[in-house]
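Residue numbers run from 1 in the order of the sequence given.
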Amino acid sequence: MLRITDAGTGEPTDVRPGLTRVHALVARADTSALRVLLVADVLARALELGGTPVVMVADPPAELRARADALGIRRAETDALGGGQILHVLGPEDPVADGIRVEVAPASGPAESAESSSAVRLALLAHPRSGPVDLDSGALTEAQETLARWRKTVALWANHPSKPIPEHVRQELRTAWEDDLDILAVLDVLRRLERADDVPDGARFESYAYADRLLGLELTREIGAWA
């Protein structure tokens with residue numbers, strides 16, 4: 001079960017099973033608002049991986065919607081009406097909302113012309129949501145290099161016979177994202193697995209593909225491109 005820190009109380013809160021509405025509060029079109037939408041998207045993915053039905057609710061400006069589309073962030077419903085529990089995803093200066101509040105620190109940069117959508121997504125995910133992040137050229141270059149390496153490696157692993165995800169890897173991944181949506185811990189699991197020569201390549205492929213259902217980084221997109 002996912003446990004999330006409620007910014008309203010500062011206490012960890014279990015998200016009980018059942019229909020859940022993830023409300024992303026975004027009024028501007030800046031990178032901070034984009035980060036709020038991204039956290040809402042990953043939160044919805046985590047809940048769905050645990051079997052919880054999710055409706056994402058947001059009404060972003062058109063410019064922000066276009067940036068979110070480029071990052072693979074799901075389209076949201078604009079109507080907040082309906083049943084189920086509500087999780088509010090918002091910035092620290094946004095109006096206080098009733099219910100569980102998932103707070104996202106500000107983000108700055110890059111200039112829109114410099115954006116690489118996949119690199120931006122990974123660079124944002126690679127920082128704790130509780131701390132501010134500046135997407136400078138160094139952060140984006142590092143993210144792009146990681147993505148290029150992982151996509152090539154995953155494509156090469158895909159050439160080997162498929163093997164089940166090792167149970168300890170599955171548990172490490174789920175424990176990470178169910179513990180306050182700790183994406184950094186998820187990425188750490190993937191980095192360790194990348195170097196784990198004792199795990200069959202087919203199992204490493206399945207593990208990365210499974211984790212990407214949460215991360216949304218298109219890690220399998222280059223399958224067939226590398227022999």
Connected via hydrophobic side-chain network under 4.5 Å: L90 and V55: no

If I take atom CZ from residue R35 and atom CG from residue L125, how far apart are they, to the nearest 0.5 angstrom? 9.0 Å

What distance separates L47 CG from I4 CD1, expressed to the nearest 0.5 Å? 8.0 Å

Salt-bridged, R221 to D212, with N to O below 4.0 Å? no

Contact between L64 and R28 at the side-chain level, heavy atoms closer than 4.5 Å - yes or no? no

Could you check if a side-chain atom of E194 sits within less than 4.5 angstrom of a side-chain atom of T146, using non-hydrogen atoms only? no

Closest heavy-atom contact between A24 and A58? O-CB, 3.6 Å

What is the minimum heavy-atom distance between E178 and M1, and which atoms define it? OE1-N, 3.5 Å

Looking only at non-hydrogen atoms, find the nearest pair between A68 and L37 and report the distance. CB-CD1, 3.9 Å

Kindly determine whether L135 and V133 satisfy side chain to side chain contact (heavy atoms under 4.5 Å, CB included), including the steps that lead there. CA-CA 6 Å; L135 298 184; V133 57; 3.9 Å; yes

Pairwise distance CG(L87) to CZ(R21) - rounded to 0.5 angstrom: 12.0 Å

Exam field: side chain R121 to backbone L217, donor-acceptor pair closer than 3.5 Å: no

Report yes or no: does R45 contribute a side-chain atom to a donor-acceptor pair with the main-chain N or O of L215 at less than 3.5 Å? no

Could you walk me through whether L122 and L187 pass the side chain to side chain contact (heavy atoms under 4.5 Å, CB included) test, one step at a time? CA-CA 10 Å; L122 178 56; L187 295 173; 4.1 Å; yes

Please determine whether residues L181 and L25 belong to a single hydrophobic cluster, defined as Ile, Leu, Val, Met, Phe, Trp and Tyr linked transitively by side-chain heavy-atom distances below 4.5 Å. no

Between R204 and T153, does any side-chain donor sit less than 3.5 Å from a side-chain acceptor? no

Quick check for you: to the nearest 0.5 Å, what is the distance between F205 atom CZ and L219 atom CG? 10.0 Å

Check P92 against A105 and note the closest heavy-atom contact, atom names and distance. CD-CA, 4.4 Å

Mind checking whether L214 and V42 have side chains closer than 4.5 Å, heavy atoms only? yes

Do you know the tightest heavy-atom contact between E222 and A155? O-CB, 3.3 Å

Step by step, would you call T52 with L2 a side chain to side chain contact (heavy atoms under 4.5 Å, CB included)? CA-CA 10 Å; T52 295; L2 179 67; over 6 Å; no

Looking at R75 and D69, is any side-chain nitrogen of the basic one under 4.0 Å from a carboxylate oxygen of the acidic one? yes

Of L71, V36, I73, the one forming a side-chain contact (heavy atoms from CB on, under 4.5 Å) with D41 is I73

Of all residues at least two apart in sequence or in a different chain, which pass the side-chain contact (heavy atoms from CB on, under 4.5 Å) check with R16? Q85

Roughly how far apart are L193 CG and E172 CD, rounded to 0.5 Å? 9.0 Å

Y208 vs W150 aromatic rings, parallel, tilted or perpendicular, using cut-offs 30° and 60°? perpendicular

Could you check if a side-chain atom of S32 sits within less than 4.5 angstrom of a side-chain atom of P132, using non-hydrogen atoms only? no

Do T31 and R67 have side chains that get closer than 4.5 Å, going by heavy atoms? yes

Could you state the interatomic distance from CZ (R65) to CG (L34), rounded to the nearest 0.5 Å? 9.5 Å

Hey, does V54 have a side-chain heavy atom less than 4.5 Å from the side chain of L19? no

Contact between D182 and W177 at the side-chain level, heavy atoms closer than 4.5 Å - yes or no? no

Taking the side chain as every heavy atom from C-beta outward, state whether D6 and R101 have any atom pair closer than 4.5 Å. yes

Residues 164-171, side-chain donor-acceptor partners within the protein, below 3.5 Å, at least two apart:
unit_1, atom_1, unit_2, atom_2, d
E167, OE2, Q171, NE2, 3.0

Of all heavy-atom pairs linking R174 and G50, the shortest is NH2-CA, 3.5 Å

Counting N and O atoms only, with roles assigned by atom type, does the side chain of T9 sit under 3.5 Å from a partner on the main chain of A7, one being a donor and the other an acceptor? no

